[in-house]
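Here is the structure we will look at, set down as structure tokens.
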Amino acid sequence: MTRPHQDDRHREPPPRSFSVVICVYTEERWDDILAAVDSVRQQSLPALETLLVVDHNPALLARLGGEYRERPEHREHSARGEVRVLANAGPRGLSAGRNTGIAAARGELVAFLDDDAVAERDWLRFFDEAYDDPRVLAVGGRTVPVWASGRRPVWFPEEFDWVVGCTYRGLPGGTARVRNVLGGNASFRRTAFDAAGGFATGIGRDGDKRPLGCEETELCIRLATAVPDAVILLDDRSVIHHKVPAVRTRLDYFRTRGYAEGLSKALVARSVGVRKGLASERRYTTRVLPAGVVRGVRDALRGRPGGLGRAGAIVAGVTVTTAGYLVGRFRTRRGVVAFSWEPIATNPVTTNQVARSQVTTSPVARAAAPSAGPPGAVA
């Protein structure tokens with residue numbers, strides 16, 4: 001038997017491999033998509049591959065396929081990771097697109113990047129460091145808004161930056177344990193999806209329709225249930241910069257997004273229970289938001305611009321989100337709304353053929369749902 005060379009025993013283990021999934025749906029974001037891909041290719045820890053998942057848009061699918069198949073400057077960057085263009089193999093929407101990417105991923109770790117965001121150079125490297133602990137199954141990062149006007153609207157409170165898909169005041173700094181990551185800047189062990197299944201369809205975004213959310217919240221809660229000792233972290237060194245178009249800085253979008261978040265929270269709470277579904281929100285609504293109102297009023301008294309506007313926006317945001325939650329609770333009690341999650345297929349082409357686990361408002365169906373998911377735990 002050949003004995004290992006002494007130097008081999010002291011070598012660093014090879015770096016973990018990343019598959020980066022970017023879900024896209026419109027040619028209007030063409031330049032943003034190319035910028036997002038380029039930011040992945042510039043990582044200090046190179047990704048194994050970048051997966052562009054196109055959401056039921058044949059023209060965009062063909063255009064991206066040609067872009068990354070034909071351009072010589074892209075072929076020259078092959079050492080920085082392959083770019084593969086895939087069609088969403090499930091129903092229209094962000095959750096099914098992410099599931100398609102997960103199914104096709106060849107990396108040990110799967111990272112998600114919004115199609116209108118760019119990652120800083122060490123984004124993947126800081127994600128990777130957290131996975132030295134085998135209990136860590138997911139790591140999220142910090143998402144910084146890039147306002148269309150060049151600066152934050154004076155009335156827009158930092159406590160509500162989640163409205164535009166960014167890290168908000170009230171989240172912990174540094175590296176901290178959290179209930180859930182934010183989906184546009186997140187990473188998971190690939191095996192986490194074997195334990196918990198994929199993203200639920202029916203609660204995530206669908207292009208430019210009503211901006212629902214919470215699919216990553218529901219997944220992380222389901223993951224923690226499937227693997228009780230799972231650790232989910234937020235590392236604010238993993239930074240991306242997310243574009244905020246002018247339309248999303250208007251009060252009508254602010255109200256619509258808050259209302260949609262309330263609807264989504266009601267659906268998640270009905271599925272996993274109010275205690276788990278709203279655990280993080282209690283501290284946010286009882287401590288972070290009141291402090292924000294006080295800060296806004298104090299700024300106004302000191303003559304700083306936008307203070308009363310920020311205080312008023314916080315009150316308005318709480319009001320519309322609560323209204324959405326109450327309407328959502330009413331709908332779920334009547335069984336009007338349901339969502340589903342499914343195991344991740346090994347081939348994205350067969351995603352729709354996988355047996356689906358329905359999560360509904362029926363107590364019997366809710367009790368049965370976990371048994372339909374993939375068994376086992378993540379080592």
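Along the sequence shown, residues are numbered consecutively beginning with 1.
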Assess whether a salt bridge exists between [X] and [Y], defined as any Lys/Arg side-chain N lying under 4.0 Å from an Asp/Glu carboxylate O.
X: E108; Y: R190; answer: no
X: D128; Y: R16; answer: yes
X: R63; Y: E67; answer: no
X: D194; Y: R189; answer: no
X: D116; Y: K243; answer: no

Roughly how far, to the nearest 0.5 Å, is the [atom2] atom of [Y] from the [atom1] atom of [X]?
X: L182; Y: C220; atom1: CG; atom2: SG; value: 9.0 Å
X: R106; Y: E49; atom1: CZ; atom2: CD; value: 4.5 Å
X: L233; Y: R135; atom1: CG; atom2: CZ; value: 9.0 Å
X: N57; Y: T26; atom1: CG; atom2: OG1; value: 6.5 Å

Open item on the list: Can you tell me how the ring of F193 sits relative to the ring of F188, calling it parallel under 30°, perpendicular over 60° and tilted otherwise?
Closed with: tilted

- [ ] Please work out which of the three classes, parallel, tilted or perpendicular, describes the rings of W155 and F254, given edges at 30° and 60°.
- [x] perpendicular

Task: With R255 via salt bridge (Lys or Arg N to Asp or Glu O under 4.0 Å) - residues at least two apart - done: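 Checked R255 against salt bridge (Lys or Arg N to Asp or Glu O under 4.0 Å); zero matches.
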
- [ ] Only pairs at least two apart or in different chains count here, so list each ring pair (Phe, Tyr, Trp, His ring centres under 6.0 Å) that has a residue in residues 46-66.
- [x] none

- [ ] Under the salt bridge (Lys or Arg N to Asp or Glu O under 4.0 Å) rule, what do E158 and R295 come out as? Steps first, then yes or no, please.
- [x] CA-CA 11 Å; E158 293 182 6; R295 189 180 305 109; over 6 Å; no

TODO: Applying side-chain hydrogen bond (donor to acceptor under 3.5 Å, both in side chains), run through T50 and Y68 and close with a yes or a no.
DONE: CA-CA 11 Å; T50 302; Y68 289 103; over 6 Å; no

- [ ] Treating Ile, Leu, Val, Met, Phe, Trp and Tyr as nodes and any side-chain heavy-atom pair under 4.5 angstrom as an edge, say whether W162 and L219 lie in one connected cluster.
- [x] yes

Task: Joint hydrophobic cluster, L34 plus I240, side-chain heavy atoms closer than 4.5 Å - done: yes

Open item on the list: Testing the basics here: between V144 and R142, what is the closest heavy-atom pair and its distance to 0.1 Å?
Closed with: CG2-NH1, 3.6 Å

Open item on the list: Is there a salt bridge (Lys or Arg N to Asp or Glu O under 4.0 Å) between D252 and R250? Walk through the geometry before answering.
Closed with: CA-CA 6 Å; D252 56 349; R250 298 172 183 167; 5.5 Å; no

Task: Sub-6.0 Å ring centroid separation between F18 and W123 - done: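 No - the distance between ring centres of F18 and W123 does not fall below the 6.0 Å cut-off.
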
